[in-house]
Number of protein chains: 2
Amino acid sequence: MSLTKWKERERKQRQNDIIKAARKLFASKNFNEVSMDEIANEVGLGKSTLYLYFKNKESLYFAVVLRGTRIWAHMVKDEVKKDDTGLGKLKLYGNANRRFSNEYPDDFRLLYSPTLIKKQFDTDKMNSSQEFQEVRDLFKEIMHIGIDSIQKGIDEGEIRPDVEPTEAAILLSVIYNGKVNMGDWAKELLKSRKIDDAKFTKDIGNFFLYMLKK
Amino acid sequence: MSLTKWKERERKQRQNDIIKAARKLFASKNFNEVSMDEIANEVGLGKSTLYLYFKNKESLYFAVVLRGTRIWAHMVKDEVKKDDTGLGKLKLYGNANRRFSNEYPDDFRLLYSPTLIKKQFDTDKMNSSQEFQEVRDLFKEIMHIGIDSIQKGIDEGEIRPDVEPTEAAILLSVIYNGKVNMGDWAKELLKSRKIDDAKFTKDIGNFFLYMLKK
DNA sequence: TTTATATGACTTATTAGTCAGTTATATAAC
DNA sequence: GTTATATAACTGACTAATAAGTCATATAAA
């Protein structure tokens with residue numbers, strides 16, 4: 001019995017190795033630009049072996065995305081607990097996102113990558129994947145934490161009442177999205193002005209808070 | 001002589017037809033996801049014919065991008081002339097971008113698409129294409145119009161002096177970028193709150209100006 | 001008859017997914 | 001302790017599909 005369990009864990013471990021290798025590749029390249037052979041090579045397995053752990057390429061891809069989304073959702077939920085005011089929660093929400101982007105850069109890039117956003121997948125394979133459903137749900141949950149914090153801040157009188165919480169939360173997400181996919185020319189321009197990524201991120205956060213605060 | 005000229009024009013016309021068909025397809029799909037056969041089919045020509053007008057797929061792609069970028073740069077330069085103050089120019093700069101996104105949605109999406117941004121092209125083919133060089137230069141020019149307007153506004157005392165012009169201009173571009181690649185879930189969320197795209201765009205513009213103004 | 005324009009059929013390369021067969025490991029029998 | 005056997009993990013070679021780019025040939029215009 002404990003043997004079966006050990007086997008089970010071994011299997012999960014392997015699966016995780018594959019996911020981690022795939023994540024590394026999917027973070028820098030499109031779904032279509034990463035081949036199963038490449039992933040297999042990265043883990044040090046034959047391509048056929050991947051199909052023992054995942055039904056098809058889409059399934060593996062969404063397993064990668066789901067793993068990242070779970071980490072993200074966990075970090076956000078955990079952080080937001082630490083304050084009771086709306087404005088406080090909003091600041092923590094921003095911190096959590098920033099921390100996630102620093103500690104899990106591959107996942108962050110992947111989750112905000114247009115590959116995920118654009119529905120370039122086989123619709124059947126996508127909809128039949130319960131991984132994808134869970135990703136969608138977690139995205140919505142995370143977004144609602146932001147929206148609800150802003151609403152709470154308005155109710156408590158610390159955030160301007162003319163702010164539309166949904167619009168503001170989406171704008172924040174749009175900024176993250178844009179920043180991840182920022183062109184090289186923009187990066188170079190910032191660099192030439194000696195503005196590093198950390199400063200830019202921080203300034204955006206301040207800018208955003210300044211906007212919302214009364 | 002006038003015959004040669006007429007021929008020349010005929011040829012340019014054909015080339016333009018191909019570019020327009022390609023633009024339509026590249027606007028909604030990745031570089032790799034659009035096939036030359038598909039483009040040829042869209043114009044009503046055989047695939048081989050495309051190679052009489054463009055050296056290879058990359059060359060056609062950059063011809064599409066360049067066409068859009070030229071329109072964009074033209075609109076921005078033309079608009080900004082209409083006011084002499086920095087803040088006024090900045091507002092016109094925003095207007096021009098908004099007008100471009102409305103009148104040339106395919107080009108707008110294409111220019112901000114990550115396909116263009118990520119260097120997923122054959123480096124040799126890309127660098128050897130003078131179309132790509134011109135696109136880069138025009139991008140920089142457009143960006144500098146924004147930066148210079150903000151700087152002028154600061155000098156004239158209408159924009160807060162603690163604003164970093166480069167940072168602010170890039171943030172604006174990052175927002176555009178993010179908005180174009182916004183996920184379906186965000187669009188649905190906005191829709192459910194009865195916020196249409198025009199309102200969202202306008203609010204972002206106001207938000208941005210409010211930030212910068214003294 | 002010459003020249004420009006066009007194309008269908010072909011080549012070459014890539015890649016998702018399959019499958020028959022191999023290797024390694026655990027259990028059982030003696 | 002050794003050998004046989006069952007089971008799980010794995011893989012190389014294959015198939016089928018797709019797509020960029022080429023080329024010999026056809027058509028139409030001058």
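The structure presented is a predicted model; accordingly, all values stated were derived computationally and were not measured. Per chain, numbering begins at 1; letters A, B, ... match sequence-line order.
In this structure, the CG atom of B:L50 is 9 Å from the P atom of C:dT7, given to the nearest Å. Taking atom CE of residue B:M36 and atom P of nucleotide C:dG8, one finds them 15 Å apart after rounding to whole Å. Rounded to whole Å, the distance from CD on B:Q13 to P on C:dA4 is 21 Å. A:N32 has its CG atom 13 Å from the C1' atom of D:dA19, to the nearest Å. Taking atom CG of B:D37 as the reference point, atom P of C:dG8 lies 10 Å away to the nearest angstrom.
Ion pairing between a basic and an acidic side chain is recognised when a charged N comes within 4.0 Å of a carboxylate O; A:E38 and A:K29 show such pairing. Of the charged side-chain nitrogens involved, none lies within less than 4.0 Å of a carboxylate oxygen, so that B:E167 and A:R193 do not count as a salt-bridged pair.
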Sub-3.5 Å pairs of nitrogen or oxygen atoms, protein against nucleotides 6-10 of chain D:
unit_1 : atom_1 : unit_2 : atom_2 : d
D:dC10 : OP1    : A:R14  : NH1    : 2.0
D:dC10 : OP2    : A:Y53  : OH     : 2.6

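The aromatic rings of B:W185 and A:F139 sit tilted relative to each other, their planes meeting at an angle between 30° and 60°.
A:N95 and A:E79 share no donor-acceptor pair across their side chains, judged by distance under 3.5 Å alone.
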Point to revise | salt bridge (Lys or Arg N to Asp or Glu O under 4.0 Å) between B:D107 and B:R23, worked out | key: CA-CA 7 Å; B:D107 284 301; B:R23 173 180 67 172; 2.7 Å; yes
**Study point:** Candidate pair B:N16 and B:R67, rule side chain to side chain donor-acceptor pair (under 3.5 Å), full reasoning
**Key:** CA-CA 9 Å; B:N16 210 34; B:R67 190 176 179 274; 3.0 Å; yes
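Evaluation of the salt bridge (charged side-chain N to carboxylate O under 4.0 Å, His left out) test over residues 132-152 of chain B, restricted to residues two or more places apart or in two chains, returns A:E188-B:R136, B:R70-B:E134, B:K77-B:E141, B:K152-B:E156.
For the segment residues 54-62 of chain A, residues with any heavy atom less than 4.0 angstrom from an atom of DNA chain C are, sorted by number, A:N56, A:K57.
The structure places CZ of A:F207 at 4.0 Å from CZ of B:F207, a figure rounded to the nearest 0.5 Å.
Interface remark: the B:K47 side chain does form a donor-acceptor pair with the D:dA20 base, using a distance-only criterion of under 3.5 Å.
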